[in-house]
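Residue numbering restarts at 1 for every chain, and letters A, B, ... go by the order of the sequence lines. Quick caveat, the model's predicted, so the values are computed rather than measured.
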2 protein chains.
Amino acid sequence: MTAGTVLDLGKFQESERRLTPQRQAVLKAFLELSQEHPTAEAIYQAARRYCPTVGIATVYRSLDLFVQMGLIQKAPSLNGTARYETQKVPHNHFVCLKCGRIYEFDKAQRPVVDKNIEKEGFEVISSSTVCFGYCPACR
Amino acid sequence: MTAGTVLDLGKFQESERRLTPQRQAVLKAFLELSQEHPTAEAIYQAARRYCPTVGIATVYRSLDLFVQMGLIQKAPSLNGTARYETQKVPHNHFVCLKCGRIYEFDKAQRPVVDKNIEKEGFEVISSSTVCFGYCPACR
DNA sequence: ATGCGTGCAAAGGGTTTGCATACAG
DNA sequence: CTGTATGCAAACCCTTTGCACGCAT
C-alpha cells in the first residue's frame, strides 16, 4: 500500500520536481482511496492525517501535477466535482446518477459486467463499458 | 430539425408541465447543438436567438426539467462544466482531455472506433466505449 | 384567484490564483 | 542566492436559489 507499489515514482527523480512531504501525503491519501475514485476534498481530509498543515490549494496543485506527470488521471463526472483515479486502460466504470460515486469493475466484458452488477444490487439504465444507473446505496 | 422529430414531446402533454416559449427555445437550441454535447452556456446563447429575453437560470431549470423527464441527459465531464446529450443507449464518446469537448461515434465496436478516430486525427490514449485523448483541434 | 414559470440578482460549491513566506539546491 | 513549493485568502466560474412579478388556467 506504499506509493512505490502502484505508481512509478521514478518519474519524480527524472524530473526536477520535488517529492515534498505535502506531495507524499497527497499521494498516500490518493492511493488509500483510489478504489473509490476520490474527490479532492476526500483526498484533502485523508492527507491531513499525514501532513496536518497541508492546505486545500496544495492538494489541488499536487493532483494537477500528478495528472500532468501521468501518474493519475481525472475521472469523468456528472455533477461538476472532480474525481481522480489511477491510470488504467481500459476503464470499467459504473457511475451513479444520483450520488455521483464511481465504481470500478475489472476487465470483464459488457454483458458479464451488467449481470454481475445487477446481481450486486445495481440497476443498470445505460451500459457500455461505462455504466450509468443507480447504485445500491441510492436505490 | 423540429423538436418533435427527435424527442418525445408527448410527455409534456401527459404531464401537467407547460411547454412555454422559453422551454421551446431551450429545446430547439439543444437539438441544434446536440451533436456536440453542448454546455448550458452554449444552449443559452443559441436559445436567445429564439427567445431573446430568456435568462440563464431558466435555461438551467429547463435542462434540469428535461433531464428529470428523461428527454435528455447529462454527459460525463472532466472539467466541471455540465454537458447535455440526447438519451441514447449505448454511448460511444471521445472525451478530449484538453478542451473537454465530447465527440460521439456510432455503434461501431471498440477496435473499429479506435482505428476510425485515429484516422481522423485523434490520438487515443485510453479507450473503452468512452475514449479519452486529444482531439484534432487540441493536438 | 391559484399556482406554475420567469428574470434578476445574490448565494453557493468547487477550483484556481496572487502573494508573501519558507525551504531546497 | 535563486527558484520551487506552500498556506492563506481572495477571486473565479459554473450552477442553484430566493423572491417578486407575470401569465395561464
Taking [atom1] from [X] and [atom2] from [N], how many angstroms apart are they, rounded to a whole number?
X	N	atom1	atom2	answer
A:Arg83	C:dG14	CZ	P	11 Å
A:Leu63	D:dT6	CG	P	12 Å
A:Ile56	C:dT17	CD1	P	15 Å
B:Gln22	C:dC8	CD	P	11 Å
B:Arg23	D:dA24	CZ	C1'	12 Å
A:Glu41	C:dT16	CD	P	14 Å
A:Gln24	D:dT6	CD	P	11 Å
B:Asp64	C:dT6	CG	P	13 Å

Base C:dG7 to side chain B:Arg61, donor-acceptor N/O within 3.5 Å cut-off: yes

Selection from D:dA5, C:dG5, C:dC8 that lies nearest to any side-chain heavy atom of B:Arg17: C:dG5

Among C:dG18, C:dG7, C:dT6, the nucleotide that comes nearest once only the side chain of B:Thr20 is considered: C:dT6

Side-chain N or O of B:Thr58 closer than 4.0 Å to phosphate OP1/OP2 of C:dG7: yes

Residue-phosphate contact under 4.0 Å: B:Thr39 side-chain N/O, D:dC14 OP1/OP2: no

So do [Y] and [X] actually touch side chain to side chain, heavy atoms under 4.5 Å?
X	Y	result
B:Gln73	B:Thr86	no
B:Arg23	B:Thr20	yes
A:Ile56	A:Glu41	yes
B:Thr39	B:Tyr84	no
A:Arg17	A:Gln68	yes

Upstream residue (5' side of DNA chain D) when A:Ala57 and A:Leu65 are each assigned their closest nucleotide: A:Leu65

Where protein sits on nucleotides 20-25 of chain C, one letter per nucleotide: B base, S sugar-phosphate only, - none, heavy atoms under 4.0 Å: ----S-

For B:Val54 against B:Tyr44, the heavy-atom pair lying closest together: O-CE1, 3.4 Å

Donor + acceptor pair across side chains of B:Asn79, B:Ser77 (<3.5 Å): yes

